[in-house]
Asks: 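My questions will all concern the structure given below.
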Amino acid sequence: MIRVLLADDEHLIRGALASLLALEDDILVVAEAGTGDEALAMARAHRPDVAVLDLQMPGYDGVSVAARLRDTVPECTSMIVTSHAGAGALKRALGAGVRGFVPKTVSARRLAEIIRTVHTDGRYVDHELAADAIAAGESPLTPREAEMLSLAEGGVPVAEIASRAALSPGTVRNYLSAAAAKLGAENRHMAARVARERGWL
């Protein structure tokens with residue numbers, strides 16, 4: 001049996017996936033989680049063979065969970081299931097050791113096949129997601145600029161970003177200005193939106 005952990009913050013989707021995977025003779029869902037923190041705790045407690053992780057969850061996102069699982073539960077292979085992903089997310093996922101990257105539009109039967117593939121050390125990346133990643137190209141942002149833009153999403157004030165990043169407000173403004181200039185954006189909010197759309201955050 002392939003022991004599987006399902007992590008998705010949408011309870012309905014997680015429950016539907018668990019029910020559909022239960023129909024497979026060789027797959028057993030041993031744990032479910034609704035946040036990144038829960039996924040890590042469940043993985044440590046249940047030692048699954050494969051973790052099927054939603055890309056965007058409260059707390060740690062799927063890629064962050066996968067990176068931590070590589071260290072804490074090394075026998076567990078991770079894969080990402082997402083409804084929306086940019087090139088940056090795919091690159092981060094592959095860098096974190098994720099073996100599968102699939103859209104939520106995939107059928108349950110195909111998902112089961114991909115779970116089997118990644119369990120046997122194979123790899124599966126959806127061809128459309130891969131093409132989007134190639135088309136987006138490399139990010140012009142430095143890691144620090146990307147971090148500042150990520151913190152600025154949702155209209156967070158510069159003072160709060162500075163506090164979170166342990167930097168002075170002036171330094172934060174400089175990073176945000178440089179990022180906006182590189183992306184041809186009028187302000188930090190537009191720059192964050194552009195960077196997110198291109199998968200660079």
Side-chain angles (χ1 to χ4, degrees), residues 2-22 27-106 108 110-112 114-115 118-119 123-126 128-129 132-133 143 146-147 149-156 161 164-165 192-193 195-201:
I2 302 171
R3 297 166 47 82
V4 172
L5 160 67
L6 291 178
D8 193 308
D9 62 329
E10 296 180 51
H11 182 73
L12 182 63
I13 291 174
R14 190 175 70 242
L17 275 178
S19 296
L20 292 168
L21 290 175
I27 295 176
L28 176 65
V29 176
V30 295
E32 296 181 36
T35 68
D37 295 312
E38 285 178 14
L40 289 169
M42 290 293 144
R44 285 190 290 267
H46 296 278
R47 314 303 282 191
D49 300 310
V50 177
V52 179
L53 309 167
D54 186 18
L55 178 61
Q56 295 185 342
M57 295 184 286
Y60 294 117
D61 69 2
V63 175
S64 299
V65 171
R68 285 165 176 79
L69 288 179
R70 190 168 54 176
D71 295 331
T72 60
V73 189
E75 68 275 15
C76 179
T77 302
S78 296
M79 58 183 287
I80 299 289
V81 181
T82 182
S83 56
H84 47 278
L90 174 57
K91 290 175 186 174
R92 279 182 49 233
L94 295 175
V98 168
R99 305 292 300 174
F101 201 90
V102 299
K104 285 186 177 178
T105 55
V106 72
R110 185 69 184 121
L111 180 63
I114 296 166
I115 289 171
V118 301
H119 179 251
R123 184 182 301 266
Y124 179 88
V125 176
D126 178 75
E128 288 185 27
L129 294 175
D132 289 347
E147 177 189 3
L149 282 181
S150 184
L151 290 171
E153 286 184 294
V156 176
I161 297 169
R164 287 185 194 175
R193 188 174 330 116
R196 177 67 62 193
E197 288 170 358
R198 292 182 186 168
W200 295 332
L201 294 185

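Values in this document were obtained by computation on a predicted structure and should not be read as measured data.
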Asks: Using the test side-chain hydrogen bond (donor to acceptor under 3.5 Å, both in side chains), find all partners of Glu153 that sit at least two apart in sequence or belong to another chain.
Replies: Arg196
Asks: So, for Val4 and Val52, which heavy atoms are closest and what is the spacing to 0.1 Å?
Replies: CG1-CG2, 3.9 Å
Asks: With rounding to the nearest 0.5 angstrom, report the CZ to OG1 distance, Arg123 to Thr77.
Replies: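 The CZ atom of Arg123 sits 10.5 Å away from the OG1 atom of Thr77.
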Asks: For residues 35-42, dump all side-chain donor-acceptor pairs below 3.5 Å to protein atoms at least two apart in sequence or in another chain.
Replies:
unit_1, atom_1, unit_2, atom_2, d
Thr35, OG1, Glu38, N, 3.0
Glu38, OE1, Gly34, N, 2.8

Asks: Is it the case that the side chain of Arg99 and the backbone of Ile115 share a donor-acceptor pair, with hydrogens and angles ignored and the cut-off at 3.5 Å?
Replies: no
Asks: Which heavy atom in Asp54 sits nearest to a heavy atom in Met57, and how many Å separate them?
Replies: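 Closest approach of Asp54 to Met57, heavy atoms only: O-CE, 3.6 Å.
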Asks: Considering only heavy atoms from C-beta outward, does the side chain of Val29 approach that of Leu5 to under 4.5 Å?
Replies: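 Result no, sub-4.5 Å side-chain heavy-atom pair not found.
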Asks: Check side-chain hydrogen bond (donor to acceptor under 3.5 Å, both in side chains) between Arg44 and all other residues, then give those that pass, not counting sequence neighbours.
Replies: none
Asks: By side chain to side chain contact (heavy atoms under 4.5 Å, CB included), which residues pair with Ala93, not counting sequence neighbours?
Replies: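 Per chain and number, Ala93 pairs via side chain to side chain contact (heavy atoms under 4.5 Å, CB included) with Val63, Ile80, Val98, Phe101.
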Asks: Kindly indicate, with the supporting measurements, whether the criterion side chain to side chain contact (heavy atoms under 4.5 Å, CB included) is fulfilled by Val50 and Ile2.
Replies: CA-CA 7 Å; Val50 177; Ile2 302 171; 3.9 Å; yes
Asks: Before you tell me yes or no, could you show the steps for Lys104 and Leu55 under side chain to side chain contact (heavy atoms under 4.5 Å, CB included), namely the whole-Å CA-CA distance, both residues' side-chain angles and the distance that decides it to 0.1 Å?
Replies: CA-CA 10 Å; Lys104 285 186 177 178; Leu55 178 61; over 6 Å; no
Asks: Could you pull out all residues at least two apart from Arg164 that satisfy salt bridge (charged side-chain N to carboxylate O under 4.0 Å, His left out)?
Replies: Glu160
Asks: Could you name each residue pair satisfying salt bridge (Lys or Arg N to Asp or Glu O under 4.0 Å) that touches residues 70-82, not counting sequence neighbours?
Replies: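 Residue pairs passing salt bridge (Lys or Arg N to Asp or Glu O under 4.0 Å), neighbours aside: Arg47-Glu75.
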Asks: Between Ala112 and Ile27, what is the shortest heavy-atom contact and its length?
Replies: CB-CD1, 3.8 Å
Asks: For residues Leu111 and Val102, determine if any side-chain heavy atom of one lies less than 4.5 Å from a side-chain heavy atom of the other.
Replies: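 Yes. Closest side-chain heavy atoms under 4.5 Å.
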Asks: Which atom names give the shortest non-hydrogen contact between Ala66 and Leu53, and what distance separates them?
Replies: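 Shortest heavy-atom contact: N-CD1, 3.9 Å.
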Asks: Got a second to check how far Leu69's CG is from Ser78's OG, nearest 0.5 Å?
Replies: 4.5 Å
Asks: Could you pull out all residues at least two apart from Ala152 that satisfy side chain to side chain contact (heavy atoms under 4.5 Å, CB included)?
Replies: Ile161, Leu176, Arg188
Asks: Report all side-chain donor-acceptor pairs from residues 11-22 shorter than 3.5 Å, counting only partners two or more places apart or in another chain.
Replies:
unit_1, atom_1, unit_2, atom_2, d
His11, ND1, Arg14, NH2, 2.9
Arg14, NE, Glu32, OE1, 3.3
Arg14, NH1, Asp8, O, 2.6
Arg14, NH1, Ala33, O, 3.4
Ser19, OG, Gly15, O, 3.1

Asks: For Asp61, which residues count as a side-chain hydrogen bond (donor to acceptor under 3.5 Å, both in side chains) partner, sequence neighbours excluded?
Replies: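 Only Ser64, Arg92 meet the side-chain hydrogen bond (donor to acceptor under 3.5 Å, both in side chains) criterion with Asp61.
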